[in-house]
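First the structure, in the form of structure tokens, and then the observations on it.
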Amino acid sequence: MKRMMSWICALVIALPLWSQKEQDFAARYMQEMKALTIASNANSDSSARVMLNRKKNKPNEDLELITISPRMVQEMTEKIKNNKSADILSHIKSIRIVKANRSANKYRTEALELLKKNKHRYQPYTTSNDPTDEIQVWMRKRGKKIVELITLNRDKDGLFQVVNVTGEMDDEFIKTIAKM
């Protein structure tokens with residue numbers, strides 16, 4: 001009986017720790033691309049820049065990851081005077097932006113493949129799942145709440161961008177930010 005209680009206590013303690021370590025899509029994508037961190041502030045909660053060159057395994061500017069940490073989002077929420085903007089930020093935990101300054105089609109294809117490979121985790125938010133769409137929106141849900149929103153954007157100039165927002169969102173929240 002004591003052994004079973006010990007296991008239950010260990011699971012109760014470990015579960016929140018495990019869920020906090022859950023990777024978002026941007027982190028998975030950069031890990032899949034074997035990204036190298038080449039520059040970041042001394043403070044781990046500040047924005048970090050990550051760059052990648054898969055073939056030469058040395059840093060270049062093919063991919064760049066910019067992270068706005070939960071602490072930074074909280075600080076922005078506290079400093080904003082506009083109630084509507086502060087309310088919007090209160091639903092957001094973190095934001096990660098992955099940018100590719102060239103090879104947009106290649107990086108976009110790899111991002112779509114990763115999303116589809118993890119179809120048990122991610123699903124299209126928008127009704128169109130046409131791979132030729134310039135903008136695609138995907139989501140990850142936990143219950144009725146959207147906990148992760150991923151936007152893939154390819155423009156005509158060959159630039160590709162992933163915007164990955166984590167937090168507690170719902171359809172009403174997404175409609176509000178879409179109007180902005």
I want to check something: taking the side chain as every heavy atom from C-beta on, are [X] and [Y] in contact at a cut-off of under 4.5 Å?
X	Y	answer
Arg154	Ile135	no
Leu149	Val137	yes
Ile80	Thr77	no
Val163	Ile150	no
Gln31	Gln23	yes
Arg96	Ile68	no
Leu65	Ile97	no
Trp138	Tyr125	no

More than 12 heavy atoms of other residues, nucleotides or ligands under 6.0 Å from NZ of Lys145: is that the case?
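Count over threshold, so yes.
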Show, in sequence, the C-alpha distance, side-chain angles and deciding distance for Met139 and Tyr122, and conclude whether the side-chain contact (heavy atoms from CB on, under 4.5 Å) test is met.
CA-CA 6 Å; Met139 68 176 170; Tyr122 302 107; over 6 Å; no
For Leu63 and Val98, what are the C-alpha separation, side-chain angles and deciding distance, and is it a side-chain contact (heavy atoms from CB on, under 4.5 Å)?
CA-CA 7 Å; Leu63 285 180; Val98 178; 4.0 Å; yes
Might you point out which heavy atoms bring [X] and [Y] nearest each other, and give the distance in Å?
X	Y	answer
Leu114	Phe25	CD2-CE1, 3.6 Å
Asp87	His91	O-CD2, 3.1 Å
Ala100	Tyr107	CB-CD1, 3.6 Å

Can we say [X] and [Y] salt-bridge, meaning some charged N sits less than 4.0 Å from an Asp/Glu carboxylate O?
X	Y	answer
Arg108	Glu134	no
Arg71	Glu75	yes
Asp170	Lys144	no

Report whether Met76 and Ile92 are members of the same hydrophobic cluster (ILVMFWY, side-chain heavy atoms less than 4.5 Å apart, transitive linking).
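Yes.
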To the nearest 0.5 Å, how far apart are [atom1] in [X] and [atom2] in [Y]?
X	Y	atom1	atom2	result
Thr176	Asp171	OG1	CG	10.5 Å
Arg140	Arg121	CZ	CZ	4.0 Å
Lys79	Leu89	NZ	CG	13.0 Å
Lys93	Asp24	NZ	CG	9.0 Å
Lys141	Met169	NZ	CE	11.5 Å

Strictly by modelled atom types, are Asn118 and Arg28 linked by a side-chain donor-acceptor pair under 3.5 Å?
yes
Under 3.5 Å, is there a donor-acceptor pair between the Ser94 and Ser69 side chains?
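Absent: no donor and acceptor within the cut-off.
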Please check this pair: side chain of Asn153 against backbone of Gln161, looking for a donor-acceptor N/O pair closer than 3.5 Å.
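Pair absent, no side-chain N/O of Asn153 close to backbone of Gln161.
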Test log, rule side-chain contact (heavy atoms from CB on, under 4.5 Å), inputs Val147 and Thr166:
CA-CA 6 Å; Val147 295; Thr166 61; over 6 Å; no
In terms of ring plane angle, is the pair Tyr29 and Phe160 parallel, tilted or perpendicular, where the classes change at 30° and 60°?
perpendicular
Mind running side-chain contact (heavy atoms from CB on, under 4.5 Å) on Glu110 and Glu32 for me, showing each step along the way?
CA-CA 9 Å; Glu110 292 188 25; Glu32 186 87 7; over 6 Å; no
